[in-house]
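Since the model is a prediction, treat every value here as computed from it, not as a measurement.
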Amino acid sequence: CGKTMITKQYRKGESVFRAGDKSVSVCLLLSGEIGLYFPTDERDPYMHIKEYETFGEMGLIESELRNARAMCLTDCEVLHIEKTDFEERIHNADPLLKALVRTLSARLRDTNRKLSLRHLVA
């Protein structure tokens, strides 16, 4: 079966993933702070991830490529929950919760795309 959860250390300025990467895990930030950046704006993060928040879940939920860059704003410790473990947890969830998670993720991805396009125009 293998390991489905891996803890990794990252240095300030290092990317956990980049826009366009294949979605292979959902991440839980154990320590530090991470900024999420649109490909259209690499200067200012559109979202700050704090300790014990998740990120990178949308790509797994929707089976799409990463739509943002996750960069460490400080030294960080990140728990990566691999796709197979995440999918098993979703598969075993209540059908209403599954539908709710997928709907919220799709709406958030659509909003992020619209915001990202606004950065191109600005």
Do side-chain atoms of [X] reach the backbone of [Y] as a donor and acceptor pair under 3.5 angstrom?
{"X": "S105", "Y": "V101", "result": "no"}
{"X": "T74", "Y": "E33", "result": "yes"}
{"X": "D21", "Y": "R18", "result": "yes"}
{"X": "E51", "Y": "G32", "result": "yes"}
{"X": "R66", "Y": "G56", "result": "yes"}

Do the charged groups of R11 and D75 touch, with an N to O distance under 4.0 Å? yes
Salt bridge R102-E62, side-chain N to carboxylate O under 4.0 Å: no
Can you list the residues that meet the side-chain contact (heavy atoms from CB on, under 4.5 Å) rule with [X], with sequence neighbours excluded?
{"X": "L30", "value": "T7, L28, Y52, E77, L79"}
{"X": "D94", "value": "L96, L97"}
{"X": "E87", "value": "K83"}

Under 30°, 30 to 60°, or over 60°: which ring-plane class applies to Y46 and F38, parallel, tilted or perpendicular? parallel
Where C27 and V78 come nearest, the two heavy atoms and their spacing: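 Residues C27 and V78, closest heavy atoms: CB-CG1, 3.7 Å.
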Which atom of E82 lies closest to which atom of M5, heavy atoms considered: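 E82 and M5 have their closest heavy atoms at CG-N, 4.4 Å.
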With heavy-atom distances below 4.5 Å as the criterion, would you say the side chains of [X] and [Y] are in contact?
{"X": "P45", "Y": "L36", "result": "no"}
{"X": "K8", "Y": "H80", "result": "yes"}
{"X": "L29", "Y": "C76", "result": "yes"}
{"X": "E14", "Y": "M71", "result": "no"}
{"X": "I34", "Y": "Y10", "result": "no"}
{"X": "F55", "Y": "V16", "result": "yes"}
{"X": "N67", "Y": "M58", "result": "yes"}

Rounded to the nearest 0.5 Å, what's the gap from CD1 on I49 to OG1 on T54? Could you check?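 One gets 7.5 Å once the value is rounded to the nearest 0.5 Å.
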How long is the span from the CD1 atom in I81 to the OG atom in S25, to the nearest 0.5 Å?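 Taking CD1 in I81 and OG in S25, the distance rounds to 8.0 Å.
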Going through the distances and angles, do R69 and E42 end up as a side chain to side chain contact (heavy atoms under 4.5 Å, CB included)? CA-CA 8 Å; R69 176 182 179 201; E42 289 283 321; 2.8 Å; yes
Derivation of the side chain to side chain contact (heavy atoms under 4.5 Å, CB included) call for Y37 and D44: CA-CA 7 Å; Y37 296 81; D44 298 313; 5.7 Å; no
Please check if M47 and L104 belong to a single hydrophobic cluster, counting links between Ile, Leu, Val, Met, Phe, Trp and Tyr side chain heavy atoms closer than 4.5 Å. no
Please say whether more than 12 non-hydrogen atoms of neighbouring residues, nucleotides or ligands are located less than 6.0 Å from NZ in K12.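 Open.
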